[in-house]
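Single-structure report; data block below.
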2 protein chains.
Amino acid sequence: MKTPAISESEWKVMQLLWKKAPQPAYDIIEQLSKTEAWHPNTIKTLLSRLQKKKAVGATRYKNLFLYEPLVAQNDCVRAETNTFLERVFGGSIKPLLVHFVENENLSDAEIDELKRILQKKGKR
Amino acid sequence: MKTPAISESEWKVMQLLWKKAPQPAYDIIEQLSKTEAWHPNTIKTLLSRLQKKKAVGATRYKNLFLYEPLVAQNDCVRAETNTFLERVFGGSIKPLLVHFVENENLSDAEIDELKRILQKKGKR
DNA sequence: GCACAATAACTACCCATGTAGTTAATTTTA
DNA sequence: TAAAATTAACTACATGGGTAGTTATTGTGC
């Protein structure tokens, strides 16, 4: 699926909507104000912009709007990942995985889990 | 190491400089014009901006400049990776790796290689 | 030494994004 | 029902980035 470009700040909004939807603006504002020092209007702006680019939809409910994502998280993740992969690792996955496994600290548990996943994957 | 923010297009320039440095502007222009439909001035602008933010240095050589990276590729990769990780996977590595292994197509060879890497890693 | 070609430097312009103020509409409440 | 509170809508403004035009400078071939 084609996904619109979602900016840094907008991602934070989307994450909340993917976790739970539909939600009114003030819920989003409340949640975000825990982690971000954003003015409520800022968040409204983000919502409008997301709405404009068809990433979220809004339906009127009494005097307020309920927002919900119109794009799937998975699609956005994939899109974002591709861009990232392209620009930083020239598009190929292996160097990325190698980088991660080698340079970012993984706990033993994570390593084990990964091994398991790979095991399953390799079997087919 | 602290690295400056490097934009999409700027990355393409950096990649070339990391591959070989120092290089004069026209070499970069020539190489990039193979893959990008950019006006030479555009590339000069990118170089200036990179220079301004101290990502590349330039030393005069006769009537031209030789450019070279001032930031290590590894540091930039790490920085970019962290941003990406943060925004898309909420900062934790495992979901990312899982996503990759599950959703992006890995060849058998890649899977094997990964297993090997993990094996080594797990040993310590 | 001068015209020309190459290079550098400066300027420009539009769009996206981060951020928020101002105004209008609507609901609730005294 | 008029004022206060809430919410929505619109407007604003600075910065960064993509993209390139214009002008100045400098080395080079004649």
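Hydrogens, waters and symmetry mates play no part in the numbers below; they use all other heavy atoms, side chains included. Chain A is the first sequence line, chain B the second, and so forth, proteins listed ahead of strands; every chain is numbered from 1.
Shown here are the side-chain hydrogen bond (donor to acceptor under 3.5 Å, both in side chains) partners of B/Asn74, two or more places apart in sequence or in another chain: A/Asn103. Remark: B/Trp18 engages B/Trp11 in a ring-ring contact (aromatic ring centres under 6.0 Å, His included) (not counting sequence neighbours). The side-chain hydrogen bond (donor to acceptor under 3.5 Å, both in side chains) test applied to B/Lys94 returns A/Glu113, not counting sequence neighbours. Taking A/Lys20 as the reference, nothing meets the side-chain hydrogen bond (donor to acceptor under 3.5 Å, both in side chains) condition, with sequence neighbours excluded. Residues satisfying the side-chain hydrogen bond (donor to acceptor under 3.5 Å, both in side chains) criterion with B/Glu86, sequence neighbours excluded, are absent altogether.
Connectivity analysis of hydrophobic side chains (ILVMFWY, heavy atoms under 4.5 Å, direct or indirect) links B/Leu70 to nothing; its cluster partners are none.
Within the 4.5 Å cutoff, side-chain heavy atoms of A/Thr81 are placed close to those of B/Phe100. The side-chain heavy atoms of A/Phe84 and B/Val88, taken from C-beta on, include no pair separated by under 4.5 Å. Between B/Thr3 and B/Glu80 the shortest side-chain heavy-atom distance does not fall below 4.5 Å. A/Ile29 is not listed as a side-chain neighbour of A/Trp38, based on a closest heavy-atom distance of 4.5 Å or more. When side chains are defined from C-beta on, B/Thr59 does not count as touching B/Pro22, because their heavy atoms never get closer than 4.5 Å. By the 4.5 Å heavy-atom criterion applied to side chains, B/Pro95 and B/Val98 are not counted as neighbours.
Atom CD1 of B/Ile43 and atom P of C/dT7 are 13 Å apart (whole Å). One interatomic measurement links the two molecules: CG of A/Leu47 to P of D/dA9, which rounds to 11 Å at whole-angstrom precision.
Heavy atoms only, all atoms of each residue included: A/Leu46 and A/Glu10 are closest at CD2-CG, 4.0 Å. In plain terms, the two heavy atoms of A/Arg87 and B/Ser7 that are nearest each other are NH1-C, 3.5 Å.
The only member of B/Gln15, B/Gln23, B/Lys19 that meets side chain to side chain donor-acceptor pair (under 3.5 Å) when paired with B/Gln31 is B/Gln23.
Heavy-atom distances under 4.0 Å link DNA chain D to B/Arg49, B/Lys53 of residues 48-55 of chain B, given in residue order. Applying a 4.0 Å cut-off to non-hydrogen atoms, the residues of residues 2-37 of chain B that approach DNA chain D are B/Ser7, B/Glu8, B/Ser9, listed by residue number. A heavy-atom distance below 4.0 Å to DNA chain D is reached by none of the residues of residues 64-79 of chain B.
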Between the protein and nucleotides 21-24 of chain D, which nitrogen or oxygen pairs come in under 3.5 angstrom?
from   : atom 1 : to      : atom 2 : distance (Å)
D/dG21 : OP2    : B/His39 : NE2    : 3.1
D/dG21 : N7     : B/Asn41 : ND2    : 2.8
D/dG21 : O6     : B/Asn41 : ND2    : 3.3
D/dT22 : O4     : B/Asn41 : ND2    : 3.0

Please write out each protein N/O paired with an N/O of nucleotides 23-28 of chain C under 3.5 Å, distance rounded to 0.1 Å.
none

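Under a 3.5 Å cut-off, the side chain of A/Gln119 and the backbone N or O of B/Lys115 do not form any donor-acceptor pair. Distance alone, capped at 3.5 Å, is enough to place a donor-acceptor pair between the A/Lys53 side chain and the A/Ala5 backbone.
With axes fitted over five pairs at each extremity, the angle between the ends of the helix from C/dG1-D/dC30 to C/dA30-D/dT1 is 20° (10° resolution).
The side chain of B/Thr42 places an N or O atom within less than 4.0 Å of a non-bridging phosphate oxygen (OP1 or OP2) of D/dA20. Residue A/Trp38 places at least one side-chain N or O under 4.0 Å from the OP1 or OP2 atom of C/dT19.
Remark: A/Lys12 engages A/Glu36 in a salt bridge, criterion side-chain N to carboxylate O under 4.0 Å.
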